[in-house]
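Note sheet for the following structure.
Remember, it's a predicted structure, so these values are computed and weren't measured experimentally. Quick note on labels: first sequence line is chain A, next is B, and so on, each numbered from 1.
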Amino acid sequence: MEQFNDIYKQHYTSIYRLVSKFRVNSHEAEDIVQDVFVKLYLQFNSGNQVQYPKTWLYKVAVNSCINAVSRRKETESLESVSQLEFGTFDSLETDIDQNEQEEIIRNALLKLKEHERLVVILYSEGLSYKEIAEVSGVKFTSVSQNLSRALDKLRPLLKNHYYEMLNQ
Amino acid sequence: MKCLTNEQIQRFIDREMPSLQPDEFQHLTSCPDCKALYNEQKLLAESIKKQINSVAKTPERIPEFQVPASITYTAPRVKRFPLWAKVAALLIPACFVWKMAIKPDKFSEKEFKPTAESIRMYEMCNSVDANTAFQENMIITTVTDANGRVVKCGTN
């Protein structure tokens, strides 16, 4: 189990960061990350080989997030969903501007199609096109197409920040 | 050459070209429109990456991994064959060897033992000359029983 412990330490933060980009609150994120690593532990425990742990973890984490979000959508009304979606990691201490900015970004991401959103989120994680294709299930040849489309759609929605960068 | 598409430019930005594209690269360096689009799109991609990453949270600390109590060690499953398969695996080759090596006569052809009468009949039939007229040849018709014995004989 030494190998598992190494993977756990190496990837815990990146998986947590990935999960937090989805519409889940901090408790849900912790639970999802724990679940993902329990699944990996079970794989190791049953003697199955995980050839690429990083891609495997990302894939399981993404699926768990999608399931968690859709489960919540089924059980709660639209109003409460929107509160949960955007009032996620908030606490009284966090900056209001920061929350507003987060809300704009999350809203912009919601405007994308499911697979485009997934591709953009994985792209922001610094994954290669091959890894993105493997995790998201999008064809390798379609990754760049989905990505450029998603970036084009996000351009007007996130323009303020973009122009700030242009002026720098 | 036509100007590059957003998709092609994105692949250049991310260095994800499937193979070296000298024509496209040449165009990108020489065409001012494509060059401008490349710079703009690169900045856009960086900006969006940055913004999405600003939403992400980092855990305060990495918690110790707790193995859930319900999980117990399960030995890897070993594939077991049923008893009938093991018996069949022994019996089938054994039967084959017995048939082939010990009792080969079962497979050999039946011994041909013609009777004197049938040999005579064969010789008579073979004496027919095919080049002569039908009327000039003697054709013998025989009727044999189940054991091959001639029970009736006739000529033309």
Please walk me through it: do B:Glu16 and A:Lys130 pass side chain to side chain contact (heavy atoms under 4.5 Å, CB included)? CA-CA 9 Å; B:Glu16 291 273 4; A:Lys130 197 182 169 193; 6.0 Å; no

Roughly how far, to the nearest 0.5 Å, is CD1 of B:Ile48 from CG of A:Asp152? 8.5 Å

Under 4.5 Å from any heavy atom of chain A - which part of B:Glu60: neither

Hey, what do you get for CD (A:Gln10) to CD1 (B:Ile62), rounding to the nearest 0.5 Å? 10.5 Å

Side-chain heavy atoms nearer than 4.5 Å, only ILVMFWY residues, links allowed to pass through others: does that put A:Phe140 and A:Val119 together? yes

Are the side chains of A:Ser144 and B:Phe12 in contact, using a 4.5 Å heavy-atom criterion? no

Search all heavy atoms of A:Tyr16 against all heavy atoms of B:Lys57 and return the closest pair with its distance. CD2-O, 3.3 Å

Which pair of heavy atoms, one from B:Arg61 and one from A:Tyr12, lies closest together, and at what distance? O-CE2, 4.4 Å

Could you look at A:Leu18 and say if it's the side chain, the backbone, both or neither that has a heavy atom under 4.5 Å from chain B? neither

Please report whether the ring centroid of A:Phe37 lies less than 6.0 Å from that of B:Phe65. no

So which part of A:Ser14 gets closer than 4.5 Å to some heavy atom of chain B, the side chain, the backbone, both or neither? neither

Can you see whether B:Gln10 engages A:Tyr123 through a side-chain donor-acceptor pair at a distance of less than 3.5 angstrom? yes

So how far is it from A:Glu102 CD to B:Ile52 CD1, rounded to the nearest 0.5 Å? 12.5 Å

Output the residues of residues 30-39 of chain B for which the shortest heavy-atom distance to chain A is under 4.5 Å, in residue-number order; output 'none' if no such residue exists. none

Region of A:Ile105 that comes under 4.5 Å of a non-hydrogen atom in chain B: side chain

Chain A interface, residue from B:Asn6, B:Asn53, B:Thr58 that has the most non-hydrogen pairs under 4.5 Å: B:Asn53

Path from A:Leu42 to A:Leu40 over hydrophobic side-chain contacts below 4.5 Å: yes

Worked check of salt bridge (Lys or Arg N to Asp or Glu O under 4.0 Å) between B:Lys49 and A:Glu125: CA-CA 8 Å; B:Lys49 250 187 189 180; A:Glu125 283 292 307; over 6 Å; no

Determine, step by step, whether A:Ser148 and B:Glu7 satisfy the side chain to side chain donor-acceptor pair (under 3.5 Å) criterion, reporting the C-alpha distance in whole Å, the side-chain angles of both residues, the deciding distance to 0.1 Å, and the verdict. CA-CA 6 Å; A:Ser148 60; B:Glu7 189 190 331; 5.4 Å; no

Quick check against the 3.5 Å criterion: does A:Ser20 have a side-chain atom that pairs as donor or acceptor with the backbone of B:Ala56? no

With heavy-atom distances below 4.5 Å as the criterion, would you say the side chains of B:Arg11 and A:Gln145 are in contact? no

Under 4.5 Å between side-chain heavy atoms, counting indirect links through other Ile/Leu/Val/Met/Phe/Trp/Tyr residues: same cluster for B:Leu91 and B:Leu83 or not? yes

Are A:Leu57 and A:Tyr52 linked, directly or through intermediate hydrophobic residues, by side-chain heavy-atom contacts shorter than 4.5 Å (ILVMFWY only)? no

State plainly whether the residues B:Glu64 and A:Lys9 are in salt-bridge range, i.e. N to O under 4.0 Å. no

